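Beneath this line is the structure, given in structure tokens, with notes to follow.
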Amino acid sequence: MVKEHTYTEGIGRRKTASARVRIEKAKNASLIVNNKKADEYFPLAAMVKTAYAPLSSLNAHYAVSAHVSGGGHKAQAEAVRMGIARAIVKVDGEQRKQLKVLGFLKRDPRAKERKKFGLKAARRAPQWSKR
């Protein structure tokens, strides 16, 4: 006998951070990141607010658990935000327009540019001397 899933999953990414987010209907909104409460995991309150943004903007009540890896705390918070938004759209497709307007469904593609050979960094050339 296979147990039915009671959660909906969404994946969010930002730079090198990746978040696998699971949401379930609940009476109160809660967020657990890597088996810690969000305010314990993220060092700044602004990052917790970023991660909670889709829930607070829709006034939705979901129990959220996220597994994040890679990147820094800010990128991880934004990856969680995107994962929550994608999972909410799977549950209720009518919320898509509002989340899209807020920019929670758009992936931020910016990442560090790779270093090229012959240069000291991505674009930094060695110092040139005339003589």
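This structure is a prediction, so every number in the text was calculated from the model and none was measured.
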Pairwise side chain to side chain donor-acceptor pair (under 3.5 Å) hits with a residue in residues 83-101, at least two apart: D92-Q95

Looking at every non-hydrogen atom in both residues, tell me the closest pair between A29 and A60 and how far apart they are. CB-O, 4.1 Å

Go through the structure and list residues passing side-chain contact (heavy atoms from CB on, under 4.5 Å) with K120, not counting sequence neighbours. R124, P126

Got a sec, which pairs hit salt bridge (Lys or Arg N to Asp or Glu O under 4.0 Å) with one end in residues 70-83, sequence neighbours left out? R14-E78, K74-E78

Flag yes if V48 and I32 sit in one hydrophobic cluster, no otherwise; membership is Ile, Leu, Val, Met, Phe, Trp, Tyr, and two members link when side-chain heavy atoms are under 4.5 Å apart. no

Spacing of K15 atom NZ and K112 atom NZ [to the nearest 0.5 Å]: 9.5 Å

Using salt bridge (Lys or Arg N to Asp or Glu O under 4.0 Å) as the criterion, list what pairs up with R110, not counting sequence neighbours. D108

Steps toward side-chain contact (heavy atoms from CB on, under 4.5 Å) verdict (V80, T50): CA-CA 9 Å; V80 169; T50 299; over 6 Å; no

Pairs touching residues 74-129 that satisfy ring-ring contact (aromatic ring centres under 6.0 Å, His included), sequence neighbours left out: none

Using every non-hydrogen atom in the two residues, find where P109 and R107 come nearest and quote the distance to one decimal. CD-O, 3.1 Å

Which donor-acceptor pairs under 3.5 Å do the side chains of residues 62-69 make with protein atoms, sequence neighbours left out?
none

Minimum heavy-atom distance L119-A125, with the two atoms named: CD2-CA, 3.7 Å

CG of L105 to CD1 of I88, rounded to nearest 0.5 Å, is 9.5 Å

Please identify each residue that fulfils salt bridge (Lys or Arg N to Asp or Glu O under 4.0 Å) with R123, with sequence neighbours left out. E113

Strictly by salt bridge (Lys or Arg N to Asp or Glu O under 4.0 Å), give each pair with a member in residues 28-56 just once, sequence neighbours left out. none

Y52: partners by ring-ring contact (aromatic ring centres under 6.0 Å, His included), with sequence neighbours left out: none

Note: A51 and I84 closest approach over all heavy atoms is O-CD1, 3.3 Å

Restricting to ring-ring contact (aromatic ring centres under 6.0 Å, His included), what partner residues turn up for H73, sequence neighbours left out? Y41

Less than 3.5 Å apart, which donor and acceptor atoms pair up between the side chains of residues 18-26 and the rest of the protein, not counting sequence neighbours?
{"residue": "R22", "atom": "NE", "partner": "E9", "partner atom": "OE2", "Å": "2.9"}
{"residue": "R22", "atom": "NH2", "partner": "Y7", "partner atom": "OH", "Å": "3.4"}
{"residue": "R22", "atom": "NH2", "partner": "E9", "partner atom": "OE2", "Å": "3.4"}
{"residue": "E24", "atom": "OE1", "partner": "T6", "partner atom": "OG1", "Å": "3.2"}

Are the side chains of L55 and L31 in contact, using a 4.5 Å heavy-atom criterion? no

What residues join V101 in its hydrophobic cluster, counting side-chain heavy atom gaps under 4.5 Å, either direct or through other members? none

